[in-house]
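For reference, the structure is listed below as structure tokens.
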Amino acid sequence: MSEDGDTSQQGESPEVDVQVPPRDPGAPFVVGIDRDAVVRRREVVRTVERRGAWITLAIGVVGIVAAIYALLAFRGSGMWPFAILLILAMIPLVLSTVMVYRLQAERQQWYASNELQPVAMRMSLKGLELACDGAAYPVVLQWHAVRGFRQQKLLGQYVLDLDLVPGVSATTAGVRGLDQAPVRSVVKPNPLLRPTGLFLVKALDQPVHIIDEAMKHFSGGTAQVRR
């Protein structure tokens, strides 16, 4: 082949394999995942969670120290009930730091013993299957339990957060996998920590608008991607 031909081919944009919602109602719609992007995101999530944990720990320690100081400095002034209440209010902040580090240790152990799943999600008429990073098995949801995804920008990157119907929990009929700790940490994150998102948009091999079309197709219009 001539050098001119090679140059013209190099200048062309690479083709992207984009699916569309299948015409066959029985064929599932599969969204794959970029391994390198997920690995990089894991480090970002780990850093953010640790930063948030240390901030809440600092607030908790400062509150407890202030309460103890008040008890000692103003002994007999009748402030002890307020000091005790302040200590009790700060204890959950301290415990949340322990929970974050325990969750991260469990995740790292899971990462070391399990390969990253190549599929992020599957959609079919039966429902939605999600491979949450760090979870031992996929989350399975029937369409009546799902409102779709929320796309938002966190930490400078767009992510998809799972949007469940209010009241849906791990014990809801047709729901499987929501009780796993890695799933709870992203689906219903600790309010003291900034959410990190379920899926990084740029790690998915299908664009958001195609995922939105597929979700509407299989759910009968009840679920969609909200921006």
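Computed from a predicted structure; not experimentally measured.
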Inset, instruction - Could you check Leu130, Leu178, Leu198 and say which one makes a side-chain contact (heavy atoms from CB on, under 4.5 Å) with Val183? - result: Leu178
Using the test side chain to side chain donor-acceptor pair (under 3.5 Å), find all partners of [X] that sit at least two apart in sequence or belong to another chain.
X      : result
Glu106 : none
Gln180 : none
Asp212 : Lys216
Arg102 : none

Name all residues meeting the side-chain contact (heavy atoms from CB on, under 4.5 Å) criterion together with [X]; count only those two or more places apart in sequence or in a different chain, and write none if there are none.
X      : result
Leu57  : Trp54, Val61, Val94, Thr97
Gln108 : Arg46, Tyr111
Val208 : Gln151, Val201, Val225, Arg227
Leu85  : none

Inset, instruction - Provide the full list of salt bridge (charged side-chain N to carboxylate O under 4.0 Å, His left out) pairs with a residue in residues 123-132, sequence neighbours left out, each pair given once. - result: Arg122-Glu129
Inset, instruction - Mind jotting down which residue pairs meet the salt bridge (charged side-chain N to carboxylate O under 4.0 Å, His left out) criterion with at least one end in residues 76-96? Sequence neighbours excluded, please. - result: none
Hey, is the main chain of [Y] close enough, under 3.5 Å, to the side chain of [X] for a donor-acceptor pair?
X      : Y      : result
Thr172 : Val168 : no
Arg147 : Pro166 : no
Asp205 : Val31  : no

Legend entry - Contact summary for Phe29 and Ala214, nearest pair of heavy atoms: CD2-CB, 3.5 Å
Inset, instruction - Heavy atoms only: give me the nearest Cys132-Pro182 pair and the separation to one decimal. - result: SG-O, 3.9 Å
Under 4.5 Å between side-chain heavy atoms, hopping through other hydrophobics if needed: is there a path connecting [X] to [Y]?
X      : Y      : result
Leu103 : Ile55  : no
Val39  : Leu200 : no
Val65  : Ile59  : yes
Phe149 : Ile210 : yes
Tyr69  : Ile87  : no

Inset, instruction - Please say whether more than 12 non-hydrogen atoms of neighbouring residues, nucleotides or ligands are located less than 6.0 Å from CZ in Phe82. - result: no
Inset, instruction - Give a yes or no on whether Tyr137 atom OH has more than 12 heavy-atom contacts from other residues, nucleotides or ligands under 6.0 Å away. - result: yes
Inset, instruction - List the steps and the verdict of side chain to side chain contact (heavy atoms under 4.5 Å, CB included) for Val140 and Val175. - result: CA-CA 6 Å; Val140 178; Val175 172; over 6 Å; no
Inset, instruction - Please list all pairs passing the side-chain hydrogen bond (donor to acceptor under 3.5 Å, both in side chains) test where one or both residues lie in residues 162-171, with sequence neighbours left out. - result: Arg150-Asp163, Ser169-Thr171
With rounding to the nearest 0.5 Å, note down the distance linking [atom1] in [X] to [atom2] in [Y].
X      : Y      : atom1 : atom2 : answer
Met90  : Thr56  : CE    : OG1   : 10.5 Å
Gln206 : Glu213 : CD    : CD    : 11.0 Å
Leu71  : Trp80  : CG    : CH2   : 9.5 Å
Met123 : Ser219 : CE    : OG    : 9.0 Å

Are any non-hydrogen side-chain atoms of [X] and [Y] less than 4.5 angstrom apart?
X      : Y      : answer
Val165 : Val146 : no
Leu128 : Trp143 : yes
Phe199 : Met121 : yes
Val187 : Asp161 : no
Ile84  : Leu86  : no

Inset, instruction - Apply side chain to side chain contact (heavy atoms under 4.5 Å, CB included) to Val186 and Leu162, showing your working. - result: CA-CA 9 Å; Val186 291; Leu162 182 63; over 6 Å; no
Inset, instruction - Decide side chain to side chain contact (heavy atoms under 4.5 Å, CB included) for Val139 and Arg176; before the verdict, give the C-alpha distance in whole Å, the side-chain angles of both, and the deciding distance to 0.1 Å. - result: CA-CA 6 Å; Val139 175; Arg176 175 179 178 267; over 6 Å; no
Inset, instruction - Apply side chain to side chain contact (heavy atoms under 4.5 Å, CB included) to the pair Glu49 and Tyr101, showing each step before the final yes or no. - result: CA-CA 9 Å; Glu49 286 183 341; Tyr101 274 83; over 6 Å; no
